[in-house]
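Every chain is numbered from 1 and lettered A, B, ... according to where its sequence line falls, protein lines coming before strand lines.
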2 protein chains.
Amino acid sequence: MTAAVAARPRSTPAQYPGCAECLTRVFSICDFIGGSPLAPLAQEVRTVTARRTLFRERDVLDSVPIICSGWALSAVMLSDGSRQILSFLLPGDFVSAALLFDPKPKCSVEAITNVTYRAFNRAELKDRIFGKPEMAEMLVNVWIEEKRRADELIIDLGRRPAAERVARLILRLVERLQKRGMAAGGSFEVEFPLRQHHIADAVGLTPVHVNKLLTDLRRGGIIRLSERSLAVLDPVRLRAVASLR
Amino acid sequence: MTAAVAARPRSTPAQYPGCAECLTRVFSICDFIGGSPLAPLAQEVRTVTARRTLFRERDVLDSVPIICSGWALSAVMLSDGSRQILSFLLPGDFVSAALLFDPKPKCSVEAITNVTYRAFNRAELKDRIFGKPEMAEMLVNVWIEEKRRADELIIDLGRRPAAERVARLILRLVERLQKRGMAAGGSFEVEFPLRQHHIADAVGLTPVHVNKLLTDLRRGGIIRLSERSLAVLDPVRLRAVASLR
DNA sequence: CGGTGTCTTGAATACCATCAAGTCTTGTGG
DNA sequence: CCACAAGACTTGATGGTATTCAAGACACCG
């Protein structure tokens, strides 16, 4: 994103335990925090096992969480028991940029796989970010990207048929994983811990219907999906299903 | 939002022609721009007649627009000819906070009624905002609110039935208008220039179906809607339709 | 080994879209 | 000022997409 990031090779020992292996470094502000000559920020590494919640809507957070490893999701529960997933969170993601300023989250966050995340002191992290112009710029980019993805989801849910939504979700996730180096050997094969009900809650469908759409994609030889692993066998046709290009 | 805003009565003469009457002042950063002792920013007031576009997705904006009067909408056109409205823009609204940093809009903006807006020089406006802490704070609040509304729309489109979506849209618009003093005498009667196809494109339905839902609300004595004017006759039942409270 | 969670498949149903036709309003040019 | 066209609204009939309901197979875990 900036020269400072690119200049620091992945293998450089990081200032905090675990950072050397943490995918976060390359894609988020952690790089600036850990790599800067400034004093370490007050923070705490926390671990959450799969299916447990990191925090709920009604909580008040005294710290700002950033995902270090694993997959999580942010979602809103509705009174009828259903829920809408707002976004999937990957290593390096701010849970939400708004949490830097507002301690009350507007959604709850749940671990999909085992998750580790860092909880930074809000005031210190804010000072640090606004003290370094390149970090402030990065925050702005994170925020813009967050909004852009929300708008994409609005378009999908409002105007696209079911098959298209599922195809787009898959393509976007694969793209995000590849950017993080989380796709094995740069191929189209990735670890994919999502259950079908996760996909359903993300794209506004029922698990039953998602199942039918996925088996269509499988039978068509477009994807392979089993054992928590996804391979895009025919990217061209998958993009066609998604009405892309 | 801050003491500076509250301390400045609505009747105070503003620094720019039209500002005294402009609803914008109370709800946006214009107050800080116009009311500050600093030099006026480079800006230009522009007028657009109903149904014309302010700018398109592919444009590159050298200035940052803020709506002064009238209703507008931001939307994305799809390849099949349909479109998704991302938000309705009222006086005082930033078209999008991201435009402060990125000259390329991610959506096109169209006037619903006749619209006037101010186009600020990006660099100057940015400097001014970040030069005054209370203005920076206001920008953050605008941005948080923008994201919050996008998330609400995602929930509506993903998980709520049609009648609920329409009822929620109406309630949110009335609430925003009331905050701006755009509701006649604080009653539930407001000017309402939206066509049914606007509502349809906003909540992901067809105009035909929106029509049927609106006539249901009318026949139930819940709203009155005619001649570009909306009255919420039975707020309690409207909220019930919207699954609120 | 029972229980729970996940995936799969088929059948019936509901919701919303599409199609079509007609009325009414608004705007425009002769 | 009127005639005409275009846009907006209304309503009913029909159809398709996705939901709901139901039942069974499978894996994993305590």
Side-chain angles (χ1 to χ4, degrees), chain A residues 49-52 71 73 78 80-84 110-114 156-169 192-220 223-230 241 243, chain B residues 49-52 71 73 78 80-85 110-114 156-167 169 192-220 223-230 241 243:
Chain A
T49 59
R51 307 163 112 275
R52 303 207 75 88
W71 292 47
L73 63 85
L78 302 204
D80 68 350
S82 67
R83 72 172 175 183
Q84 176 64 45
E110 182 182 311
I112 297 171
T113 64
N114 290 345
D156 287 0
L157 297 177
R159 287 296 179 215
R160 294 190 206 279
E164 221 166 302
R165 296 186 210 171
V166 173
R168 278 172 183 261
L169 175 64
F192 197 81
L194 297 190
R195 307 289 167 165
Q196 294 181 353
H197 71 81
H198 289 130
I199 299 178
D201 286 343
V203 298
L205 300 169
T206 58
V208 174
H209 198 227
V210 167
N211 180 285
K212 288 166 183 168
L213 296 168
L214 288 178
T215 60
D216 285 351
L217 290 176
R218 275 195 276 242
R219 289 210 229 282
I223 64 170
R224 182 158 40 78
L225 180 54
S226 58
E227 329 245 321
R228 312 288 86 106
S229 168
L230 165 74
V241 173
S243 295
Chain B
T49 59
R51 305 159 117 277
R52 303 207 76 88
W71 292 47
L73 62 84
L78 302 204
D80 68 351
S82 67
R83 72 172 177 183
Q84 177 64 45
I85 292 178
E110 182 183 311
I112 297 171
T113 63
N114 290 343
D156 288 0
L157 296 176
R159 287 297 178 215
R160 292 190 206 280
E164 220 166 303
R165 296 186 210 170
V166 172
L169 175 63
F192 198 80
L194 297 190
R195 308 287 168 167
Q196 293 182 354
H197 71 81
H198 289 130
I199 299 177
D201 286 343
V203 298
L205 300 169
T206 58
V208 174
H209 198 226
V210 167
N211 181 285
K212 286 165 183 169
L213 296 168
L214 288 178
T215 60
D216 284 351
L217 291 177
R218 275 195 276 241
R219 289 210 229 283
I223 64 170
R224 183 158 41 78
L225 180 54
S226 58
E227 328 244 319
R228 312 287 84 104
S229 169
L230 165 74
V241 173
S243 295

* Any side-chain heavy-atom pair of A:T215 and A:N211 under 4.5 Å -> yes
* Structure fact -> Between A:R218 and B:R228, the residue closer to the 5' end of DNA chain C by nearest nucleotide is A:R218
* **Integer-rounded Å distance: D:dA18 P and A:D216 CG** => 11 Å
* Which part of the nucleic acid, if any, lies within contact of B:P161, taking any heavy atom under 4.0 Å across all strands shown: a base, the sugar-phosphate backbone alone, or nothing? -> sugar-phosphate
* Asked: Do any N or O atoms from the side chain of B:Q84 and from the backbone of B:A202 form a donor-acceptor pair under 3.5 angstrom?
  -> yes
* Is the backbone N or O of B:T206 less than 3.5 Å from a side-chain atom of B:H209, with the two atoms forming a donor-acceptor pair by type? -> no
* **Length of the line joining A:K212:NZ and D:dT17:C1', which is rounded to integer Å** => 11 Å
* Structure fact -> In short, B:L205 meets B:A162 closest at the heavy-atom pair CD1-CB, 3.6 Å
* Would you say the side-chain atoms of A:R165 pair up with the backbone N or O of A:V203, donor to acceptor, closer than 3.5 Å? -> yes
* State whether B:Q196 places a side-chain N or O below 4.0 Å from either non-bridging phosphate oxygen (OP1 or OP2) of D:dG7. => no
* Could you tell me the separation between the CG atom of B:L230 and the C1' atom of D:dC9, rounded to a whole number of Å? => 16 Å
* **Check: B:D201 side chain, B:I85 main-chain N or O, donor-acceptor pair, under 3.5 Å** => no
* Where is the tightest heavy-atom contact between A:R159 and B:S82, given as atom of each residue plus distance? -> CD-OG, 4.0 Å
* Without swapping roles, check the side chain of A:R218 against the backbone of A:L225 for a donor-acceptor pair under 3.5 Å. => yes
* Nearest non-hydrogen partners of A:V241 and A:E164, listed with the distance -> O-CG, 3.4 Å
* Checking all strands, does A:R165 fall into the base, sugar-phosphate, or nothing category for heavy-atom contacts under 4.0 angstrom? -> nothing
* To do: Between D:dT11, D:dA8, D:dT19, spot the one nearest the side chain of B:R195, thanks.
  => D:dA8
* To do: Please state how far atom CG in A:L205 lies from atom C1' in D:dT17, giving the value in whole angstrom units.
  => 10 Å
* N or O in side chain of B:N211 less than 4.0 angstrom from D:dT10 OP1/OP2 -> yes
* To do: Would you mind classifying the nucleic acid contact of B:R219 as base, sugar-phosphate or nothing, using non-hydrogen atoms under 4.0 angstrom?
  => sugar-phosphate
* **Contact under 4.0 Å: B:R51 side-chain N or O vs D:dA6 OP1/OP2** => no
* Determine, for nucleotides 23-30 of chain D in 5'-to-3' order, which nucleotides have protein heavy atoms under 4.0 Å from the base (write B), from only the sugar-phosphate (write S), or from neither (write -). => --------
* **For chain A, the stretch of DNA chain C it reaches, first to last nucleotide, under 4.0 Å of its heavy atoms** => C:dG5 to C:dA11
* When you match A:L213 and B:V208 each to their closest nucleotide on DNA chain D, which lands nearer the 5' end? -> B:V208
